[in-house]
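Input: a single structure, listed below in structure tokens.
All ligand and atom numbering here is 1-based and tracks the order in the structure.
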Amino acid sequence: MRTAIFGGTFNPVHLGHKNAVKRVFEAVELDRVIVLPDRIPPHKAVKELAAEKDRLAMLELTFSDVPQTEISDYELKREGKSYSVITLRHFSETLPKDKLFFIMGSDMLLTFSKWYCWEEILSLCTLICVSRCDEDTGKLEPCAESLRHFGGEVIIVPVEPFEVSSTQLRDMIRKNEDCSCYLDENVVKYITDNNLYGRGV
Ligand code: ATP
């Protein structure tokens, strides 16, 4: 199987994430995408981090209509910091016959050489990158080329960037601004019903 992993905090998951997965499915032959929310250790808790069960529920709502997508709680259950290399080692051991891919936005690719054990990550999977903004787009091929010199396989998916971040959305929600063009409609309702991110306070 050709399996891609898509990790993130997803606090909350937004349509930029969903768009990225859909564009990747169109451009790269894949059998499935495993979406993995990460665990933030309590002492590092990010301000306004929604509970794990809420982040999982919002992922389920957002990706319910994208076939071949699974939500995994592997990183949430694991003790310690969610290093991608540990996750990739786990999947390469538990799915030994699979070819692994790792999906990321352009901010991640452009800082990839600062990641913990990044050279090992290149040996474990093929990176797939989706641009988040026009400013990043032109920088991606040169960055990919330099990683290829280290033996890495990197695919840049040509996309029209869908510019949005979870930080921007948490801010908008706190101010009771309309986020419906950035969030799945069921997630808008979930956030309202569960009073997440200081909505209405
Ligand atoms: P925050 O603002 O809280 O840092 P974020 O919007 O960057 O959050 P993450 O959950 O940290 O979202 O991102 C998970 C993955 O999705 C990362 O690889 C990130 O680069 C990618 N990503 C996030 N937003 C977009 C987007 N709009 N388009 C493409 N990829 C994205």
Side-chain angles (χ1 to χ4, degrees), residues 4-28 33-41 44-52 54-63 66 69 71-76 81-85 87-88 100-116 118 121-122 125-140 143-144 147 154-175 177 179 181-184 187 191 196-198:
I5 288 160
F6 184 38
T9 308
F10 304 115
N11 184 42
V13 58
H14 51 66
L15 297 183
H17 297 125
K18 184 173 184 175
N19 181 62
V21 170
K22 287 168 107 177
R23 298 291 85 82
V24 167
F25 266 125
E26 285 164 9
V28 185
V33 171
I34 301 177
V35 184
L36 272 164
D38 56 21
R39 177 177 178 273
I40 312 286
K44 280 203 171 166
V46 175
K47 199 171 151 247
E48 297 181 312
L49 179 69
E52 292 177 355
D54 293 326
R55 288 188 292 137
L56 275 173
M58 292 188 281
L59 281 167
E60 295 284 359
L61 291 170
T62 299
F63 285 102
V66 185
T69 307
I71 315 297
S72 164
D73 63 359
Y74 165 72
E75 286 195 353
L76 298 178
K81 198 169 176 336
S82 300
Y83 285 116
S84 300
V85 71
T87 301
L88 282 159
L100 295 179
F101 297 79
F102 194 93
I103 301 171
M104 59 178 67
S106 45
D107 53 324
M108 297 292 155
L109 188 75
L110 294 172
T111 54
F112 183 74
S113 59
K114 296 197 175 79
W115 286 25
Y116 176 62
W118 63 272
I121 295 177
L122 290 181
C125 66
T126 295
L127 305 184
I128 303 178
C129 179
V130 175
S131 185
R132 291 185 67 160
C133 59
D134 291 334
E135 203 196 327
D136 285 355
T137 305
K139 300 178 190 163
L140 296 180
C143 178
L147 295 173
V154 187
I155 299 170
I156 308 294
V157 174
V159 293
E160 187 64 48
F162 189 118
E163 285 196 41
V164 64
S165 72
S166 299
T167 304
Q168 171 195 341
L169 291 172
R170 291 193 300 274
D171 192 49
M172 290 175 73
I173 295 162
R174 198 180 327 105
K175 295 176 183 158
E177 290 174 10
C179 304
C181 58
Y182 297 121
L183 294 169
D184 183 282
V187 170
I191 288 171
L196 302 183
Y197 308 116

Can you tell me which portion of [X] lies within the under-4.0 Å heavy-atom range of ligand 1? Options are side chain, backbone, both, or neither.
| X | result |
| --- | --- |
| E163 | neither |
| H14 | side chain |
| T167 | both |

Could you tell me, atom by atom, which parts of ligand 1 come under 4.0 Å of a heavy atom of [X]?
| X | value |
| --- | --- |
| G8 | 10 (O), 14 (C) |
| F6 | 15 (C), 16 (O) |
| S165 | 2 (O), 6 (O) |
| M104 | 18 (O) |

Shortest non-hydrogen contact from V33 toward F25
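Closest approach of V33 to F25, heavy atoms only: CG2-CZ, 3.5 Å.
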Donor-acceptor under 3.5 Å ([X] side chain, [Y] main chain):
| X | Y | answer |
| --- | --- | --- |
| R55 | D38 | yes |
| D136 | S131 | no |
| R132 | D107 | no |

Based purely on interatomic distance, does [X] place a nitrogen or oxygen under 3.5 Å from a nitrogen or oxygen of ligand 1?
| X | answer |
| --- | --- |
| V164 | yes |
| G7 | no |
| S131 | no |

Quick one: list whatever passes ring-ring contact (aromatic ring centres under 6.0 Å, His included) with F112, sequence neighbours left out.
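So F112 forms a ring-ring contact (aromatic ring centres under 6.0 Å, His included) with W115.
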Applying the side-chain contact (heavy atoms from CB on, under 4.5 Å) test to I191, which of D54, I173, L169 qualifies?
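With I191 as partner, D54, I173, L169 yield a single side-chain contact (heavy atoms from CB on, under 4.5 Å), made by I173.
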K18 and its side-chain contact (heavy atoms from CB on, under 4.5 Å) partner, picked from L59, D184, V13:
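Between K18 and the candidates, side-chain contact (heavy atoms from CB on, under 4.5 Å) is satisfied uniquely by D184.
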Using heavy-atom distances, let me know which of F162, F102, F10 sits nearest atom 27 (N) of ligand 1.
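Shortest heavy-atom distance from atom 27 (N) of ligand 1: F162.
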Measuring from atom 22 (N) of ligand 1, which candidate in R132, R170, R55 has the nearest non-hydrogen atom?
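Comparing heavy atoms across R132, R170, R55, the nearest one to atom 22 (N) of ligand 1 lies in R132.
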Using the salt bridge (Lys or Arg N to Asp or Glu O under 4.0 Å) criterion, which residues pair with E160? Sequence neighbours excluded.
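Scan of E160 (salt bridge (Lys or Arg N to Asp or Glu O under 4.0 Å), adjacent residues dropped) gives none.
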